[in-house]
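All ligand and atom numbering here is 1-based and tracks the order in the structure.
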Amino acid sequence: MMKTVAAVEMAAAADKNTKKQLKGEINTMKNVVILGAGYAGLTTLKGLKKAAKAGEVKVTLVNKNSYHYDTVNLHEVSAGNIASRDICIDIKDLVSPGVEFIQDEVIKIDTEKKLVLTKKHELDYDVLVVGLGFQPETFGIEGMAENALPIANVNAAEKIAATLEDNFRKYATSEEKDVKDISVIVGGTGLAGMEFLGELVHRKKELCSKYGIDEKLVKIYGLDAAPTLLPMFSKEYSDYARKYLEDNGIEIILGAGIKGATKDSFTIEVDGERKDLYASTLVWTAGVRGNKLMDEAFPELAKRGRLVTTQQLTVPGHDEIYIVGDCAAFIETGQERPYPTTAQIANQMGAYVGARISGKQVGDFKYINRGVVCSLGHKDGIADVMGGKKAKGFKAAKLKKIIEAKAIYELTDFVTALKNQRIL
Ligand code: FAD
């Protein structure tokens, strides 16, 4: 079999390791398999690179695609404001000595045999890191999975952008002028939903100008069953976000139980009354769960694709398996509920696990909440970040971009960040 550069470098590292073992310097070279090249998987990899180069560990990274995508920017691609290539990083740029990348889909994790099955490979491991991320969850709402588009990954985001534009074009070119075609319903006004609505403010203007449509005719709804908007922010800030969207023609309906969806409508129940809203572009952001493979691998422990880890982010009873990112439900000692799943915690989990496997970290995982930012398009937003610093408007939008650039650096390196134009 032809050997890749990575395989040759790995063999050299293994050889060095064997020599060290003969000299009695180290005992074993751990075979570490990382599943998923999202935030959690890549920060784990970054933390292991030195050990891999030194031949102390052999690392295999498995990911469905040849690229990493920045999930925190998927709403921008979904609206059509940026291209998917702007949020993707080629994984081969991240491969270094002692690291092998396998582009394939994981289909099974066998914890008894310590094996990972992908569509084309069977991989054994000494240490496994599961960072397979999230999937949309529609909570069994009738017609939702079939009819509404989720902001789930790059392909799904591109589909939303294409559907939106196709519908505006259809309106402009058809005789009947069905207002449904220039209407959009977004189920869920959490961070992802609000950020997507913020992007639509800009995109709506652009599409109307491109297709000669009167902007006042466009209807965009943001719906949520929750009675309050963005509860992680102060009332002043969530009111600011709501006003920004409403001033730009977006209707926010809270306390709206979403009961069903058809190909062009959502049924909602507000104050006990049912109502149908119509739109040709239906988007679902109201629910996410951990990866389904988690439920199959850990039937006793995982719920909706998430597993309550130990304080060291391992699976109870399996010290050799770490769960990181959106597949992990981490409940800190003394707390009752897991932290919300975010890129921020995924990055910190990966950094912790990378350091732990390479022997640089022995304590428990501690999460440092650095605050939260909700962008409303590229020129507005709200921010409440570490140290009680608050910002709204343009400053908040810029702050978000700075945080994103820092996060990219944290999971890659300066050269890769620069090559991918992620340095501000
Ligand atoms: P992911 O980023 O989902 O990565 C998982 C990786 O695993 C992917 O590369 C995927 O292709 C791969 N994979 C999945 N299944 C398989 C398989 N079977 N085989 C091989 N590979 C597989 N968080 C914030 O902190 N701040 C924000 O502002 C923010 N904004 C958001 C906006 C949107 C629109 C969305 C959707 C989420 C946002 N989040 C935000 C949440 C954040 O993006 C997630 O918490 C984060 O992406 C989780 O990281 P992860 O590494 O666990 O998983």
Solution key, residues 294-303 side-chain donor-acceptor pairs under 3.5 Å, sequence neighbours excluded:
| unit_1 | atom_1 | unit_2 | atom_2 | d |
| --- | --- | --- | --- | --- |
| Asp295 | OD1 | Gly305 | N | 2.8 |
| Asp295 | OD2 | Arg289 | NH2 | 2.5 |
| Asp295 | OD2 | Gly305 | N | 3.4 |

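Among all protein heavy atoms, the one lying closest to atom 14 (C) of ligand 1 is Leu132 O, 3.3 Å. Scanning the protein for heavy atoms near atom 39 (N) of ligand 1, the closest one is Val72 CG1, 4.0 Å. Remark: minimum distance from atom 20 (C) of ligand 1 to any protein heavy atom is reached at Lys64 N, 3.2 Å. Summary of contacts: the protein heavy atom closest to atom 9 (O) of ligand 1 is Asn63 OD1, 3.1 Å. In terms of protein heavy-atom proximity, atom 45 (O) of ligand 1 is nearest to Asp326 OD1, 2.8 Å.
A donor-acceptor pair shorter than 3.5 Å cannot be found between the side chains of Asp93 and Thr416. Residues Asn63 and Gln103 have side chains that never bring a donor and an acceptor to within less than 3.5 angstrom of each other. Between the side chains of Tyr211 and Glu165, at least one donor N or O lies within less than 3.5 Å of an accepting N or O. Between Ser265 and Asp276, the side chains place no donor N or O within less than 3.5 Å of an acceptor N or O (distance only, hydrogens not considered). For the residue pair Glu199 / Ser78, no side-chain donor-acceptor distance below 3.5 Å is found, with atom types taken as modelled. For the residue pair Arg356/Tyr322, the side-chain donor-acceptor check at 3.5 Å is satisfied. Using modelled atom types and a 3.5 Å distance limit, the side chains of Glu332 and Tyr367 yield no donor-acceptor pair. Donor-acceptor pairing under 3.5 Å is lacking for the side chains of Asn81 and Glu76.
The shortest N/O to N/O separation between Gln344 and ligand 1 falls below 3.5 Å. Below 3.5 Å of separation, one finds no N or O of Gly36 facing any N or O of ligand 1. Not one N or O of Tyr67 is nearer than 3.5 Å to an N or O of ligand 1, by distance alone. Between Ala40 and ligand 1, at least one pair of N/O atoms sits closer than 3.5 Å. Considering backbone and side-chain atoms alike, His75 places every N or O at 3.5 Å or more from each N or O of ligand 1.
For Val372, the heavy-atom gap to ligand 1 stays at 4.0 angstrom or more. For Gln135, the heavy-atom gap to ligand 1 stays at 4.0 angstrom or more. Not close to ligand 1: His68, with no non-hydrogen atom less than 4.0 angstrom away.
Atom numbering of ligand 1 starts at 1 in the shown order; those under 4.0 Å from a heavy atom of Tyr39 are 2 (O), 46 (C), 47 (O), 49 (O), 51 (O). Each of the atoms 28 (O), 30 (N), 32 (C) of ligand 1 lies under 4.0 Å from some heavy atom of Glu195. Listed by number with element, the atoms of ligand 1 under 4.0 Å from a non-hydrogen atom of Asn65 are 11 (O). The atoms of ligand 1 that sit less than 4.0 Å from any heavy atom of Lys400 are 28 (O). Close contacts between ligand 1 and Leu293 involve ligand atoms 18 (N) [criterion: under 4.0 Å to a heavy atom]. Of all the atoms in ligand 1, the ones that sit under 4.0 Å from a non-hydrogen atom of Gly325 are 52 (O). Numbered from 1 in the order shown, with element, the atoms of ligand 1 that lie under 4.0 Å from a heavy atom of Phe134 read 3 (O), 36 (C). In summary, the atoms of ligand 1 found under 4.0 Å from a heavy atom of Thr341, numbered by their order in the structure, are 45 (O).
For atom 15 (N) of ligand 1, the nearest non-hydrogen atom from the set Asn291, Val154, Val62, Ile151 belongs to Asn291. With Ala343, Ala192, Ser375 as candidates, the residue nearest to atom 23 (N) of ligand 1 on a non-hydrogen basis is Ala343.
Residue Leu35 does not touch ligand 1, judged by heavy-atom distances below 4.0 Å. Using a 4.0 Å cut-off between heavy atoms, Phe196 makes no contact with ligand 1 at all.
Checking each of Leu293, Leu35, Leu132, Thr309 against Cys327 for a side chain to side chain contact (heavy atoms under 4.5 Å, CB included) leaves exactly one that passes, namely Leu132. Evaluated for a side chain to side chain contact (heavy atoms under 4.5 Å, CB included) with Cys374, the options Met232, Lys400, Lys392, Glu195 yield exactly one hit, Glu195.
Using a 4.5 Å cut-off on side-chain heavy atoms (C-beta onward), Asp70 and Tyr39 make contact. The closest side-chain heavy-atom distance from Phe101 to Leu45 is not below 4.5 Å.
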Legend entry - Verdict with supporting geometry, Lys113 and Glu122, salt bridge (Lys or Arg N to Asp or Glu O under 4.0 Å): CA-CA 11 Å; Lys113 295 188 184 142; Glu122 189 177 286; over 6 Å; no
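In this structure, Phe139 has no ring-ring contact (aromatic ring centres under 6.0 Å, His included) partners at least two apart in sequence or on a different chain.
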